[in-house]
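By convention in this document, chain letters (A, B, ...) are assigned in the order of the sequence lines, proteins followed by strands, and residues within each chain are numbered from 1.
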There are 2 protein chains.
Amino acid sequence: MSRVPLANPGDAFQATEDSDRRADRRIQRTRQQLREALLALILERGYETLRVEDITERANLGRATFYLHYRDKEALLLDSIRQTVDELLAQVSAFAPPHLEAGSEAAARWLQRAIALVFEHAAASATLYRVILRGEGTAAISRRIHAMICQAVLTYLEAHRPHQMPALPADVLANYFAGALLALLTWWLESGMPYGAEEMAAMFYHLFYEGIGHLTLPPSPTDG
Amino acid sequence: MSRVPLANPGDAFQATEDSDRRADRRIQRTRQQLREALLALILERGYETLRVEDITERANLGRATFYLHYRDKEALLLDSIRQTVDELLAQVSAFAPPHLEAGSEAAARWLQRAIALVFEHAAASATLYRVILRGEGTAAISRRIHAMICQAVLTYLEAHRPHQMPALPADVLANYFAGALLALLTWWLESGMPYGAEEMAAMFYHLFYEGIGHLTLPPSPTDG
DNA sequence: TATAATTATAGACACTTCGTCCATAATTGG
DNA sequence: CCAATTATGGACGAAGTGTCTATAATTATA
């Protein structure tokens, strides 16, 4: 009996240290085939009714092989997600500015660019994003993504706006932001990305910063 | 063999015509016990790992009895949801104004009141709302709720703003609105409703109409 | 290339949950 | 009180899960 370490022993979204040290090509091939099969099947038939055998069949693998790598299909899904999320986090946090004046033009431009990064990354990994945002798999997954965005907003607020928030709790703002962003992202992917990532970021940014008040008031010719 | 009609034969959220004709008290008692048991257990242990026997056990019923009323636990959940959703829809649509001037003050006040209604209704059925908004059960459920809100927004827009929307597709606006609203609703319920329903509606309405631009720009003393 | 180690595989296994069926008991509306 | 309906516990096969074993195939490396 050889010992193949399971991919997700503990919690989700934990970086696995041995992910680079896996020398054997069979392992990498097998796991990637499983991941691809899972994502494809989820988009085709949904997550819930998928059997382990469906996945291994699509991946051209024996069913027993599955359990050499993952405890169950949820572990496989979490592994797939972790990969992509780690990627995005690295990309965005590498984009963090050393110091920006609170509420400055530069900060605003940076924020809009950061949002565009999210849309761009989603486009690049559209399949996985659709799976996540559809809420397939454990309900906890999309909740965790939402929480991550909230946390990012709260951190941003603390860094860029130290003091009073007039009659608007930070939690409310963070959840509003995260909910709206994820909803736009979801719609965008599900409807075939009919606009560019930059466009989407601009629309979201505009809605978030300006609202729609001046759009609905009829005697307001100040907007194009 | 007696024939007890299943509660959700077809799609979800369909009004069951026989719901009033059910004379037998045993049926009403049984179904309500099942619904209550399900919701309580979901909040305690989550939906996915729940067995039918767990539900009937909590409801003090035999397992076979369950299948006299519902096909599976999803049908039971959908039935619970349908009840509450029907209630809300009736409440909100009864609140629809016969005619309002587009972009008028009256229309704005009506909209804010309609949003408050949603928060109030969520508070009254907090348990069920938490279950729905957590995304427990089929992923399709929360997606459908989101879609319902989007549709309502689109209908509202069509009625109240017939022509051009400058550089902002209606779909984008509707999804932004629905996502943000559901996120706020979720946070509000999960954190123990720390503000009043009217307050929440006001905050949401303000964010949606005014955005936060004037909150973050430092040299802007025009807001309190 | 040869070899030892590792991984993939098929099949069998016990186990759990599901949904159905039956005979019988209990409750209901009339 | 009675006929009709519903609830119950038990048994059943079907389906899926996760584990295990013996064997085959592949890999890394000497």
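Checked for salt-bridge contact, B/Glu136 and A/Arg143 meet the test: a charged N lies under 4.0 Å from a carboxylate O.
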Under 3.5 Å, which protein N or O atoms sit close to an N or O of nucleotides 13-17 of chain C? Give each pair with its distance.
from   : atom 1 : to      : atom 2 : distance (Å)
C/dT17 : OP2    : B/Arg51 : NH1    : 2.9

Protein-nucleotides 26-30 of chain D N/O pairs closer than 3.5 Å?
from   : atom 1 : to      : atom 2 : distance (Å)
D/dT26 : O2     : A/Arg26 : NH1    : 2.8
D/dT26 : O2     : A/Arg26 : NH2    : 3.4
D/dT27 : OP1    : A/Arg29 : NH2    : 2.4
D/dA28 : OP1    : A/Ala23 : O      : 3.3
D/dA28 : OP2    : A/Arg25 : NH1    : 2.8

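The phosphate of D/dT19 has neither OP1 nor OP2 within less than 4.0 Å of any side-chain N or O from A/Tyr67. Taking 4.0 angstrom as the limit, B/His69 places a side-chain polar atom (N or O) nearer than this to OP1 or OP2 of D/dA7. Using a 4.0 Å cut-off, no side-chain N or O of B/Thr30 falls inside it from OP1 or OP2 of D/dT6.
Nucleic acid contact class of A/Asn60 (heavy atoms, under 4.0 Å, all strands): sugar-phosphate only.
In this structure, the ring-ring contact (aromatic ring centres under 6.0 Å, His included) partners of A/His121, at least two apart in sequence or on a different chain, are A/Tyr129. With sequence neighbours excluded, the residues that form a salt bridge (Lys or Arg N to Asp or Glu O under 4.0 Å) with B/Glu198 are B/Arg113. In this view, B/Glu36 and B/Gln32 satisfy the side chain to side chain donor-acceptor pair (under 3.5 Å) rule, not counting sequence neighbours. The salt bridge (Lys or Arg N to Asp or Glu O under 4.0 Å) search around B/Glu74 returns none, not counting sequence neighbours. Take A/Phe119 and apply the ring-ring contact (aromatic ring centres under 6.0 Å, His included) test, not counting sequence neighbours, and it matches A/Trp188. The salt bridge (Lys or Arg N to Asp or Glu O under 4.0 Å) search around A/Arg45 returns A/Asp54, not counting sequence neighbours. When the ring-ring contact (aromatic ring centres under 6.0 Å, His included) test is applied to B/Tyr205, the partners found at least two apart in sequence or on another chain are B/Tyr209.
Within the structure, the salt bridge (charged side-chain N to carboxylate O under 4.0 Å, His left out) test picks out the following pairs touching residues 167-193 of chain A (sequence neighbours left out): A/Arg130-A/Glu190, A/Arg134-A/Glu190.
The stretch residues 37-47 of chain A has no heavy atom under 4.0 Å from DNA chain D, so no residue of it qualifies as close.
Two end axes, each from the C1' atoms of five base pairs, can be drawn for the helix from C/dT1-D/dA30 to C/dG30-D/dC1; they diverge by 40°, to 10 degrees.
Proximity of the aromatic rings of A/Phe177 and A/Tyr156 is defined here by a centroid distance below 6.0 angstrom, and this criterion is not met.
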